[in-house]
Amino acid sequence: PQRRQFCGLPENYPEAAFDDDHLCSFCRSYDNYKDRVAEYFKTPADLKALLESGRSRATGKYDCLVLLSGGKDSTYAVAKVQEMGFRVLAFTLDNGYISAEAIENAKKVVQQLGVDHVIGTTPAMNEIFVDSLQRHCNVCDGCFKTIYTLSTQIALKEQIPFIVTGLSRGQFFETRLTEELFTSDRIDTEKIDQIILNARKAYHQVDDAVKQLLDTKAFEDEATFEKVQYVDFYRYTDVHLNEMLAFLKERINWQRPSDTGRSTNCLINQAGIFVHKKELGYSNYAYPYSWDVRIGHKNRDEALEEINEALDVPTVQRILDEIGYTQQQRELEAKEKKLVGYYTTTDTVDEEALEKHLRQSLPAYMLPSQLIRLEQLPLTANGKVDFDQLPLPDNVKKLADTPYVAPRDEFEELVHETWKEVLVVEKVGVNDNFMSIGGDSLSGIRIISRLNEELELELPVMAIFQQPTIAQLAQFVAETIQRLLAEMDE
């Protein structure tokens with residue numbers, strides 16, 4: 001059987017590679033470190049002990065706040081934490097587009113379980129959605145950050161020491177558990193936890209719509225991350241989809257919302273999926289769901305059934321207009337993005353024939369808007385294509401509007417190559433800003449982890465956010481090495 005079929009990841013996923021046996025590169029890599037990953041995960045008994053340890057700090061009415069969307073994962077988490085005997089406050093974000101059935105699910109759940117419930121809102125939600133679509137081609141990133149922001153405010157006010165999330169294990173691999181964290185034969189879970197915590201701190205400092213429009217002052221105080229600890233329920237609970245659904249049906253008669261599609265509890269998520277597919281050619285659920293399959297929480301058919309939901313395009317267009325992501329904006333963004341094809345030949349080529357051939361061979365979203373003929377492809381010393389030396393197409397907007405400056409020394413060259421590999425960018429200058437060219441907390445972890453392994457250092461993840469250009473980060477690396485050598489001489 002083909003392993004690509006096993007995980008369900010599409011062949012056009014940009015960071016995936018497939019060998020002659022159609023083996024997905026993520027499956028292939030995971031086989032090499034999955035035993036070490038197992039050491040990161042814990043048991044329900046560990047979760048119970050952790051939550052009990054916070055009772056001395058839980059001076060209010062609650063031991064923990066559990067994020068509840070009304071979906072299966074978060075509902076299961078609320079029920080199980082309450083079953084352990086903890087005083088739970090459930091928090092639901094009404095983002096203006098949450099399914100009416102999901103809201104009813106949440107209300108029914110808390111009533112049956114006997115837990116208190118808060119439904120949060122913000123008038124800034126539409127602006128946050130638009131910002132998230134522009135930055136990430138989905139609405140989920142902005143929504144998740146809003147949930148964390150509002151729930152943290154409540155936890156601080158009510159003196160609740162833990163916020164329990166219902167992120168799936170597939171989402172862990174999507175957002176934090178990179179292969180680079182598991183290169184060592186001996187896994188230091190405390191070190192991994194600290195790296196992830198530092199990435200979370202940096203995540204809340206990104207100057208996006210959430211930071212601009214909501215009260216995020218709490219995240220500027222280091223003490224906040226000591227007063228409120230984020231706990232991922234599914235780090236401590238390993239449950240297959242069928243087992244979860246059976247429990248929910250028997251325990252609280254949970255019903256899957258019928259008005260949103262299977263992958264979400266929000267009507268607006270159709271818009272996010274639509275934009276993502278249109279801009280990138282695949283669903284934004286493809287990667288985390290492939291991990292759910294890879295680690296055995298779903299089979300391929302179950303994952304694809306959730307991903308391949310039919311989109312109501314007229315409804316999507318109406319929602320995009322309602323939130324202010326207008327047709328004019330969408331057309332402008334489309335014009336700014338160009339897919340360019342480079343080819344080499346010693347013969348005369350009829351470009352119309354070449355374009356016809358490409359239209360017959362490639363889906364529409366992969367058709368280049370411009371073809372550029374070269375005598376030969378520029379290569380690096382290692383024989384790979386040197387993307388930096390490829391000629392720019394006409395009227396292309398350079399990354400972050402920053403004049404291109406090539407690496408000037410060995411440290412800048414090392415950081416430059418690491419950025420290109422992790423961020424999957426073809427051309428990046430030493431003065432381009434990490435966040436402006438698509439960087440996030442996950443890619444920050446990957447870049448710093450690779451540099452630490454290459455140089456045998458212990459650079460903090462925060463370094464890439466505090467030194468956000470290749471030039472600045474390379475200088476920080478050089479200064480760190482100089483300082484360590486000086487300490488050795490002493």
Side-chain angles (χ1 to χ4, degrees), residues 14-15 26 29 37 40 131-132 135-138 140-142 144-145 148-149 167 171-184 188-208 210-211 216 219-220 222 225 230 232 284 287-288 291 399-400 402 407 411-425 428-480:
E15 297 179 41
F26 293 104
S29 297
V37 169
Y40 172 79
D131 181 69
S132 189
R135 290 173 184 268
H136 310 291
C137 287
N138 68 62
C140 297
D141 287 69
F144 280 141
K145 196 168 185 180
Y148 289 134
T149 300
L167 293 177
Q171 289 173 310
F172 295 168
F173 286 95
E174 178 191 22
T175 60
R176 62 194 71 168
L177 295 186
T178 75
E179 179 179 356
E180 288 83 359
L181 294 176
F182 300 97
T183 54
S184 174
D188 186 340
T189 55
E190 290 186 5
K191 183 177 179 180
I192 291 175
D193 287 342
Q194 188 59 50
I195 289 173
I196 292 172
L197 177 59
N198 287 337
R200 179 180 288 277
K201 293 176 181 178
Y203 165 77
H204 285 291
Q205 296 305 316
V206 175
D207 189 22
D208 55 14
V210 173
K211 185 172 177 62
T216 61
F219 297 116
E220 298 172 9
E222 285 283 326
F225 298 92
Y230 303 88
D232 295 311
N284 47 299
Y287 186 60
W291 275 108
L399 292 174
T402 302
F411 290 111
E412 288 188 354
E413 184 63 42
L414 175 61
V415 175
H416 172 261
E417 288 303 310
T418 308
W419 278 36
K420 284 179 59 178
E421 290 176 8
V422 171
L423 297 176
V424 195
V425 292
V428 55
V430 300
N431 295 319
D432 288 326
N433 185 281
F434 174 68
M435 299 302 299
S436 297
I437 62 172
D440 54 23
S441 55
L442 178 69
S443 51
I445 291 174
R446 296 187 64 196
I447 288 170
I448 295 299
S449 297
R450 290 191 183 196
L451 291 174
N452 281 337
E453 181 181 11
E454 177 78 16
L455 299 171
E456 298 184 357
L457 297 174
E458 293 189 2
L459 304 171
V461 174
M462 289 294 288
I464 198 167
F465 298 96
Q466 295 168 343
Q467 326 288 335
T469 69
I470 290 173
Q472 292 171 330
L473 185 58
Q475 182 179 356
F476 179 77
V477 169
E479 291 173 351
T480 299

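The shown structure was predicted, so the numbers you read here are calculated from the model rather than taken from an experiment.
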Expected output: side-chain S132 to main-chain N138 donor-acceptor under 3.5 Å: yes
Pairwise side-chain contact, L197 with D193, heavy-atom cut-off 4.5 Å (strictly under): no
Shortest non-hydrogen contact between P468 and W419, atoms and distance: O-CH2, 3.3 Å
Main-chain N/O of L459 paired to N452 side chain as donor or acceptor, under 3.5 Å: yes
Any E222 side-chain heavy atom under 4.5 Å of K201 side chain: yes
Residues K211 and E220 bridged, charged N to O under 4.0 Å: yes
Note, F172 side chain near W291 side chain (heavy atom, < 4.5 Å): no
Side chain to side chain, L423 and V428, heavy atoms closer than 4.5 Å: no
Shortest non-hydrogen contact from L442 toward E174: CD2-O, 2.7 Å
Worked verdict on D208 versus R135 for side chain to side chain contact (heavy atoms under 4.5 Å, CB included): CA-CA 9 Å; D208 55 14; R135 290 173 184 268; 3.5 Å; yes
Nearest-0.5 Å distance that lies between atom CD in Q467 and atom CZ in F434: 13.0 Å
F219 ring center near Y203 ring center (under 6.0 Å): no
Nearest-0.5 Å distance, CD of residue Q171 to SG of residue C140: 8.5 Å
Check: L414 and L455 side chains under 4.5 Å, non-hydrogen atoms: yes
H416: which of V430, L473, I470 passes side chain to side chain contact (heavy atoms under 4.5 Å, CB included): I470
Euclidean distance, T216 OG1 relative to Q205 CD, rounded to 0.5 Å: 7.0 Å
Separation between CD1 of I196 and CG of L181, rounded to the nearest 0.5 Å: 6.0 Å
Sidechain-backbone polar pair: S449 side chain, I445 backbone, donor-acceptor under 3.5 Å: yes
Pairwise side-chain contact, H204 with Y148, heavy-atom cut-off 4.5 Å (strictly under): yes
Distance in Å, I448 CD1 paired with I464 CD1, rounded so as to fall on 0.5 Å steps: 5.0 Å
Close side-chain approach of R176 and R200, heavy atoms under 4.5 Å: yes
Parallel, tilted or perpendicular: rings of F225 and Y230 (30°, 60°): tilted
Polar contact flag, side-chain donor to acceptor under 3.5 angstrom, E479-Q475: yes
Ion pair K145/D131, N-O distance below 4.0 Å: no
Value rounded to 0.5 Å, distance of CD in E412 from CG in N431: 8.0 Å
